[in-house]
There are 2 protein chains.
Amino acid sequence: MTTDRPTVARVARHAGVSVASVSRVLNGLPASPETREAVERAAAELGYRPNAFARGLKVRRSQQLALAVADVGNPVYVEMMRAIEDEARIRGYRLLVSSTGGRIDDTLALLDSLGHGYADGLVLSPVRVEPALLDALRGATYPVVVIGTVPTDVRIDNVRANSAGGVRMALEHLHDNGCRRVAFVNGPADTVPGSARRRAFERNVRALGLDPDESLRVEAGDFTLAEGRKAAEALLARTVPDAVLGGNDLLAIATMQVLSEHDLRIPEDVAVVGMDDTELAGVTTPTLTSVGLGALERGRTAARLLLDRLEDPEREVQRVTVQPRMTVRRSSLRGATAGEAR
Amino acid sequence: MTTDRPTVARVARHAGVSVASVSRVLNGLPASPETREAVERAAAELGYRPNAFARGLKVRRSQQLALAVADVGNPVYVEMMRAIEDEARIRGYRLLVSSTGGRIDDTLALLDSLGHGYADGLVLSPVRVEPALLDALRGATYPVVVIGTVPTDVRIDNVRANSAGGVRMALEHLHDNGCRRVAFVNGPADTVPGSARRRAFERNVRALGLDPDESLRVEAGDFTLAEGRKAAEALLARTVPDAVLGGNDLLAIATMQVLSEHDLRIPEDVAVVGMDDTELAGVTTPTLTSVGLGALERGRTAARLLLDRLEDPEREVQRVTVQPRMTVRRSSLRGATAGEAR
DNA sequence: AGGCCTTCTGTAATCGATTACGGAATCGAT
DNA sequence: ATCGATTCCGTAATCGATTACAGAAGGCCT
């Protein structure tokens with residue numbers, strides 16, 4: 001618990017060389033074998049550990065990356081975080097996480113405070129993309145990678161999911177299984193994923209010749225089980241579809257529960273497909289077919305884009321789209337075979 | 001993207017005062033209203049943001065807490081992390097997370113590297129408590145709070161789950177429901193939770209007069225679905241119990257799946273109870289009765305202990321135990337009522 | 001008016017590293 | 001032996017904040 005840690009000066013004295021030599025040896029710069037040996041021995045003997053502040057002050061690097069998501073407990077973000085942390089650690093960076101709770105001012109405050117320099121870059125996954133946020137991003141003094149979509153005039157690396165492709169994949173799958181009246185239990189339309197999935201649903205319903213009945217669409221107040229149940233109840237009070245697409249796995253699972261309570265069999269009476277393909281999909285009864293949007297891959301890609309930009313700030317802005325992948329399980333299967341699809 | 005951020009000197013010049021005054025105003029130390037006004041205006045006009053390194057170098061504080069867990073993707077750790085992040089943010093600290101993968105040398109390396117000073121304290125949740133780890137903890141130059149159990153001679157704040165109490169609660173509940181041949185699908189016995197739960201199981205089987213048949217106990221290779229399935233298969237190949245306690249929710253769910261595949265009804269033929277009470281418990285069919293060990297509360301408590309110790313390094317060593325809480329759902333109910341218990 | 005106390009302020013030292021710069025030593029070639 | 005080119009090394013400046021210390025200014029009392 002003592003506080004007087006040895007400094008570079010003490011190591012230098014102990015080794016009988018100058019501070020410059022100590023620093024050089026410790027940073028792998030050229031030095032004679034004797035000097036090297038003496039410094040290394042002294043450092044080891046004293047248990048020397050360079051002070052991160054002093055070093056950072058001089059070299060202007062914290063070796064830290066920040067990750068900002070709405071909720072660190074959300075399985076999708078957890079997966080991203082895991083990928084980012086992995087990637088960062090491999091390349092010698094630590095990871096700072098912070099929850100913004102989806103609140104725009106908290107996000108702006110974070111963006112601002114990162115200007116203090118304690119992180120070299122930021123991976124941001126905003127729930128809503130507002131003008132104020134874009135302004136802040138434009139003005140940031142450090143590299144940012146956005147997981148999500150940003151307007152093309154904002155010159156920021158980003159990696160996005162292909163929500164539209166995922167919705168199409170799900171609807172084609174249901175169509176192939178003979179479903180025609182496909183309902184959509186979506187999350188809030190004023191969120192990035194909510195609106196994208198909504199538009200894609202419209203488009204593909206038309207393209208595939210599915211029933212365009214407006215009453216087949218409901219919007220839950222949030223991407224949660226509880227809100228999903230309410231929305232599903234509302235849906236069933238109006239009409240009974242032959243399939244349901246959930247805006248995410250929780251909404252799909254909530255719908256399955258409500259369907260069961262109404263004595264509708266899954267998938268015989270109503271087929272169900274979720275989105276995000278979280279761990280939850282494998283444990284329900286029946287197991288849930290779900291379209292994964294590559295959270296892990298998005299996280300990994302975002303981390304790489306950020307680290308690459310730190311190495312070369314001048315490189316061209318990158319925009320990467322991660323493709324969806326559907327895992328077919330029981331909830332949507334009427335006789336066909338299970339498996340994966342791209 | 002420019003790099004020449006204003007410094008305290010520039011603010012001082014712009015405000016027509018000294019650097020000392022600038023620092024004082026910005027840190028809320030006494031100053032005349034005019035000085036205060038001038039400094040605040042200058043700082044705002046220049047968009048001044050204090051450099052975290054320079055400040056940290058002088059005051060020896062990073063305002064950062066570190067959290068080390070085996071796997072940031074594990075729901076139990078996620079919950080802890082969420083609680084810790086919350087608590088830290090409220091008190092003005094940021095949170096660094098890192099996965100140790102449960103490897104002891106990675107953990108030791110982390111302990112060591114924190115000595116560089118980039119975090120003021122650490123919350124550690126070790127999978128296995130080895131002598132080498134204890135040595136490292138004893139030698140740490142910064143406060144550590146352990147989530148888990150440490151020997152009483154190691155003077156380190158810690159907060160522990162009451163695994164034994166949780167197991168007892170589960171077994172009493174099953175006993176009350178008329179079960180007598182209760183099986184235990186546990187995780188590896190060489191982990192902290194694995195061994196504690198194992199011992200508690202033995203003890204309570206005897207205390208409650210349950211069937212002590214050795215063949216009712218199996219050990220999965222890991223706390224995962226896949227290993228759980230294997231273990232459950234092995235169990236059923238030997239004997240059919242009237243109830244199963246899972247070492248965690250995943251093991252319990254895997255067991256439920258295997259039971260269903262063997263045409264055993266839950267809970268009529270076999271009752272099932274899990275541990276940890278993760279989100280998964282609410283989405284299975286039937287829903288899973290599970291004993292929560294208070295991950296969130298352990299996280300919050302750990303954060304508070306750490307922050308309190310940072311404020312007063314001399315305070316007495318604290319040891320807190322968080323009580324379990326069982327949520328009764330369908331998987332264990334033979335006619336009784338659902339609800340919570342302490 | 002003089003002396004003392006209080007309140008503000010500015011100068012300069014300090015935290016602990018990295019690194020520009022110049023000097024010393026060594027070596028080889030002539 | 002002399003010269004230049006290389007290597008290595010040490011001194012001191014630097015990064016950007018905080019803060020000890022001392023001086024200046026103002027108020028109050030006798």
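Hydrogens, waters and symmetry mates are skipped; everything else that's a heavy atom, side chains included, is used. Given the structure is predicted, the values throughout are model-derived calculations rather than measurements.
- B/Y118 and B/S113 share a side-chain donor-acceptor pair at under 3.5 Å.
- Among the nucleotides D/dC8, C/dA17, D/dG16, the one closest to the side chain of A/P50 is C/dA17.
- Across all their heavy atoms, B/V17 and B/V22 have their closest contact at CG2-CG2, 3.9 Å.
- Per the geometry, CZ belonging to B/R55 stands 17 Å off P belonging to C/dC15, to the nearest Å.
- Judged by Watson-Crick or G-U wobble contacts below 3.5 Å, the nucleotide C/dT30 has D/dA1 as its partner.
- A donor N or O paired with an acceptor N or O is found under 3.5 Å between the base of D/dG10 and the side-chain atoms of A/R24.
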Show, in sequence, the C-alpha distance, side-chain angles and deciding distance for B/V69 and B/N74, and conclude whether the side chain to side chain contact (heavy atoms under 4.5 Å, CB included) test is met.
CA-CA 9 Å; B/V69 297; B/N74 183 314; over 6 Å; no
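- Contact annotation: B/T7 side-chain N/O to D/dC15 OP1/OP2 distance is not under 4.0 Å.
- Each of A/V19 and B/P33 lies near DNA chain C, and the nucleotide nearest B/P33 is the one positioned closer to the 5' end.
- If you take CD of A/E37 and P of D/dC8, they are 16 Å apart, rounded to a whole angstrom.
- In this structure, A/R60 reaches the D/dG16 phosphate: one of its side-chain N or O atoms is under 4.0 Å from OP1 or OP2.
- A straight line from CG of B/L29 to P of C/dC8 spans 12 Å, rounded to a whole angstrom.
- Separating the CG atom of A/L57 from the C1' atom of C/dT19 is a distance of 13 Å, rounded to the nearest angstrom.
- For A/Y48 and C/dG16, the shortest distance from a side-chain N or O to OP1 or OP2 is not below 4.0 Å.
- Between B/V150 and B/I156, the closest heavy-atom pair is CG2-O, 4.2 Å.
- Taking atom CZ of residue B/R13 and atom P of nucleotide D/dG16, one finds them 12 Å apart after rounding to whole Å.
- The side-chain tip of B/R10 does not point at the ring of B/Y48 from less than 6.0 angstrom away and within 45° of straight on.
- Here the P atom of nucleotide C/dT9 and the CG atom of B/L26 are 14 Å apart, to the nearest Å.
- Note on B/V17: only backbone sugar-phosphate atoms sit closer than 4.0 angstrom, heavy atoms only; bases stay farther off.
- Residue-level contact check: A/S23 touches the bases, meaning some heavy atom is under 4.0 Å from a base atom.
- In this structure, B/R5 places its CZ atom 16 Å from P of D/dC15, rounding to the nearest Å.
- Judged purely by distance below 3.5 Å, without hydrogens or angles, the side chains of B/Y77 and B/R82 never pair a donor atom with an acceptor atom.
- Listed pair A/N27 / C/dT18 meets the phosphate criterion, a side-chain N or O lying under 4.0 Å from OP1 or OP2.
- When heavy atoms are screened at a 4.0 angstrom cut-off, A/A31 is found touching the sugar-phosphate backbone but no base atom.
- The interatomic distance linking A/K58 (NZ) with D/dT14 (P) rounds to 9 Å, in whole Å.
- Put simply, A/S21 has a side-chain N or O that comes within less than 4.0 Å of OP1 or OP2 on D/dG10.
- At the phosphate of D/dC9, OP1 or OP2 sits under 4.0 Å from a side-chain N or O atom of A/S32.
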